[in-house]
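When reading the values below, keep in mind they use all heavy atoms of this one structure, side chains included, and skip hydrogens, waters and symmetry mates. Quick note on labels: first sequence line is chain A, next is B, and so on, each numbered from 1.
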Number of protein chains: 2
Amino acid sequence: MARPDSLTPLPGACSACAVRPFALFRAIPAARVGEVARLRTGVRLTRAGEAVRDSVFTLYAGWMFSWAPTADGRRQILDFHLPGDLVERQGDLPEVEALTDASFCVLSRERMCSFMEQEPGLALSYAEGLARDRARLRERLTSLGRRDAVSRLAHLLLELHGRLMARGGADPRGAALPLKQAHLADALGLSVEHANRALATLRKEGLASLQKGRLDILNRRGLEEVAGWMAPPPEALSGATASAS
Amino acid sequence: MARPDSLTPLPGACSACAVRPFALFRAIPAARVGEVARLRTGVRLTRAGEAVRDSVFTLYAGWMFSWAPTADGRRQILDFHLPGDLVERQGDLPEVEALTDASFCVLSRERMCSFMEQEPGLALSYAEGLARDRARLRERLTSLGRRDAVSRLAHLLLELHGRLMARGGADPRGAALPLKQAHLADALGLSVEHANRALATLRKEGLASLQKGRLDILNRRGLEEVAGWMAPPPEALSGATASAS
DNA sequence: CGATACCTTGATCGATCTCAATGTCGGTGG
DNA sequence: CCACCGACATTGAGATCGATCAAGGTATCG
């Protein structure tokens with residue numbers, strides 16, 4: 001049931017890392033990848049549902065999500081993390097939890113900083129990732145502020161599908177999504193019951209269906225329509241450096 | 001009525017720039033600030049309510065905001081920009097509009113990028129700004145997802161007050177806020193009428209009042225209480241470089 | 001003085017929440 | 001094999017928060 005690769009041991013050498021083309025270190029020329037290994041303080045495995053306490057790491061396999069608690073004890077999911085993503089926590093926030101079994105490379109914040117000071121390409125790659133995060137958060141903010149439940153849901157499904165496509169983790173008809181309805185609800189600012197009804201609406205309209213961890217896109221055009229989707233723009237300031245999208 | 005300094009001519013030399021301590025270029029040692037001037041392609045003035053089309057600039061005086069249109073023609077305000085902020089647009093989005101009369105320094109994206117490649121401190125400073133934006137967006141996302149109207153409003157007022165305090169633009173009792181209720185509504189995902197009622201609630205409870213462009217914080221503790229406020233955490237990955245907060 | 005922009009208030013409507021069941025399915029122990 | 005259990009999904013009914021619609025009110029400015 002867990003993704004086959006989530007607990008696979010990581011390659012020892014970063015040069016062989018399967019997610020590097022999508023990760024922070026894509027910016028480092030192949031010849032110098034050896035130095036990257038020295039930023040790493042360890043490799044970890046974690047089980048679905050566990051909290052992750054490391055403060056800087058690259059997710060290698062599996063999914064995670066970041067969330068913030070509210071005063072009344074509920075939570076808001078801030079972002080989902082896919083293989084290759086750099087995840088960062090400062091102090092206690094945000095909380096990061098493994099959505100599936102997962103493995104990741106812990107990095108030394110200190111060594112990263114000094115490496116970035118010698119290697120502007122790395123700093124720019126880091127900035128590029130932040131700019132992407134920002135763009136995604138802006139899109140979500142627009143959803144929560146101005147779109148109704150069905151539209152929000154459609155939007156999130158398209159976003160996740162797009163991110164998976166970009167790393168070869170999906171085909172155009174759908175993808176594996178290990179989300180429970182509770183995660184959708186917490187990401188979209190809805191109650192679980194209403195998230196369920198929104199999902200049912202998409203299914204009844206023949207637009208998309210999410211069942212048993214599998215997303216099926218039944219009518220892409222229609223789904224984009226209800227989402228009020230606009231194609232994501234190219235890249236941020238660091239666009240000059242950008243490569244894969 | 002407009003802020004006195006919004007249309008004041010900018011100093012010719014970046015070394016004399018009043019907002020540099022809060023801006024992207026705070027990272028550049030004083031001795032090298034001369035080179036910064038070469039990144040600048042021009043200085044602009046704009047009137048309140050006008051759209052700004054330049055794609056990278058540092059706001060010098062006045063306020064702006066970024067927003068995204070929705071499919072049904074409404075809008076979501078994504079962020080407010082204060083003097084010293086770096087503002088960036090890619091392609092058409094987000095839209096940026098001047099909230100007050102404003103003046104700003106337009107930068108060459110191309111020259112910025114190449115300068116960052118020689119000057120990692122600048123790239124890190126850029127990243128620091130992005131990380132701050134992200135933190136703010138996360139907080140807003142939590143508001144829109146999980147807090148009610150009054151709490152959202154209290155949160156936004158505290159956030160803006162904090163940002164102004166950090167640059168010496170406010171005292172602990174309040175600050176000048178050139179926002180109309182329509183801006184609050186569009187930032188908080190509310191109707192104007194409901195934003196008005198939320199504001200009235202804060203006033204009636206003796207927590208805060210916003211009138212004629214002036215925010216008064218009447219009961220900070222109480223305001224933080226209804227906001228579900230948690231003190232903002234220190235800095236991001238680039239924290240090693242961080243200076244003022 | 002009138003016009004315009006902004007704020008305020010009230011009444012009604014509707015989307016979403018809450019609460020309370022019920023259903024489904026995969027596992028687990030007897 | 002079956003009974004039960006826990007986690008998750010689904011459905012229904014009623015309560016709420018905030019949207020919408022419709023007037024006014026107020027202030028500023030030409």
Side-chain angles (χ1 to χ4, degrees), chain A residues 1-2 47-50 70 72-76 97 99-100 143-157 177-204 208-216 226 228, chain B residues 1-2 47-50 70 72-76 97-101 143-156 177-205 208-216 226 228:
Chain A
M1 177 80 348
R47 289 261 161 221
E50 281 176 6
T70 55
D72 63 347
R74 297 180 303 173
R75 77 182 177 184
Q76 174 65 41
E97 182 177 322
L99 195 51
T100 65
S143 270
L144 298 216
R146 291 298 187 216
R147 295 198 256 256
D148 69 15
V150 173
S151 174
R152 282 181 216 186
L153 177 59
H155 223 276
L156 179 59
L157 294 178
L177 288 198
L179 305 180
K180 311 284 177 218
Q181 295 185 354
H183 297 118
L184 294 175
D186 284 338
L188 298 174
L190 300 172
S191 65
V192 177
E193 295 88 337
H194 205 66
N196 177 296
R197 287 185 251 254
L199 222 30
T201 302
L202 290 185
R203 211 179 302 127
K204 273 184 302 213
S209 105
L210 178 60
Q211 267 157 341
K212 301 170 190 277
R214 167 97 203 151
L215 167 70
D216 288 298
V226 318
Chain B
M1 177 79 346
R47 290 261 161 220
E50 281 177 6
T70 55
D72 62 347
R74 297 181 302 173
R75 77 182 177 183
Q76 175 65 42
E97 181 177 323
L99 195 51
T100 65
D101 293 346
S143 269
L144 298 216
R146 290 300 187 213
R147 295 197 255 257
D148 69 14
V150 172
S151 174
R152 280 180 217 186
L153 176 58
H155 222 277
L156 179 59
L177 288 199
L179 306 179
K180 312 285 178 218
Q181 296 185 353
H183 297 117
L184 294 174
D186 284 338
L188 298 173
L190 300 172
S191 64
V192 177
E193 295 88 337
H194 205 68
N196 177 297
R197 287 185 250 255
L199 222 31
T201 303
L202 290 185
R203 212 179 301 127
K204 273 184 302 215
E205 311 254 331
S209 106
L210 179 61
Q211 267 157 342
K212 301 170 189 275
R214 167 98 202 153
L215 166 70
D216 287 298
V226 318

(message) Please report the distance, rounded to the nearest Å, between CG in A:Leu190 and P in D:dT16.
(response) 20 Å
(request) Hey, which sits more toward the 5' end of DNA chain C by its nearest nucleotide, A:Ala195 or B:Gln181? (result) B:Gln181
(request) Mind calculating the distance between CG (A:Leu184) and C1' (D:dT10) to the nearest angstrom? (result) 15 Å
(request) Measure distances between side-chain N and O atoms of B:Glu193 and base N and O atoms of D:dC21, and say whether any donor-acceptor pair falls under 3.5 Å. (result) yes
(request) Establish, with yes or no, whether the OP1 or OP2 oxygen of C:dT8 is under 4.0 angstrom from a side-chain nitrogen or oxygen of B:Arg203. (result) yes
(request) Scan A:Ala149 against the nucleic acid and name what it touches under 4.0 Å (heavy atoms): base, sugar-phosphate only, or nothing. (result) sugar-phosphate
(message) Looking at B:Arg146 and C:dT16, is any side-chain donor or acceptor paired with a base atom of the opposite kind under 3.5 Å?
(response) no
(request) Please report the closest heavy-atom contact between A:Arg203 and A:Ser209, naming both atoms and the distance. (result) CG-CB, 3.7 Å
(message) If I take atom CG from residue A:Leu210 and atom CG from residue A:Asn196, how far apart are they, to the nearest 0.5 angstrom?
(response) 11.0 Å
(request) Between A:Lys212 and B:Gln211, just flag the one whose closest nucleotide in DNA chain C comes earlier from the 5' side. (result) B:Gln211
(request) Please check if the side chain of B:Arg152 supplies one atom and the backbone of B:Arg147 the other of a donor-acceptor pair under 3.5 Å. (result) yes
(request) Check every strand shown and say whether B:Gly49 touches a base, only sugar-phosphate, or nothing at a heavy-atom separation below 4.0 Å. (result) nothing
(message) Please pick, from C:dC7, C:dT18, D:dA19, the nucleotide with the shortest atom-to-atom distance to any side-chain atom of B:Lys180.
(response) C:dC7
(request) Let me know the distance between CZ of A:Arg147 and P of C:dT16, rounded to the nearest Å. (result) 13 Å
(request) Write down the distance between CG (B:Asp148) and C1' (D:dA19), rounded to a whole number of angstrom. (result) 15 Å
(message) Below the 4.0 Å mark, does D:dA9 have OP1 or OP2 next to a side-chain nitrogen or oxygen of A:Asn196?
(response) no
(message) Applying a 4.0 Å non-hydrogen cut-off, can you work out what A:Arg152 is touching in the nucleic acid: base, sugar-phosphate, or nothing?
(response) nothing
(message) Rounded at 0.5 Å granularity, tell me how far OG1 in B:Thr100 sits from CG in B:Leu177.
(response) 12.0 Å
(message) Looking at B:Asp186 and B:Arg74, is there a salt bridge between them, counting it only when a charged N and a carboxylate O are closer than 4.0 Å?
(response) no
(request) Report the distance from atom NE2 of A:His194 to atom P of C:dG14, rounded to the nearest whole Å. (result) 15 Å
(message) Here's a test of your reading of the structure: between B:Arg197 and A:Leu199, which maps to the more 5' nucleotide of DNA chain D?
(response) A:Leu199
(request) Would you mind reading off the distance between B:Arg214 atom CZ and C:dC7 atom C1', rounded to a whole angstrom? (result) 20 Å
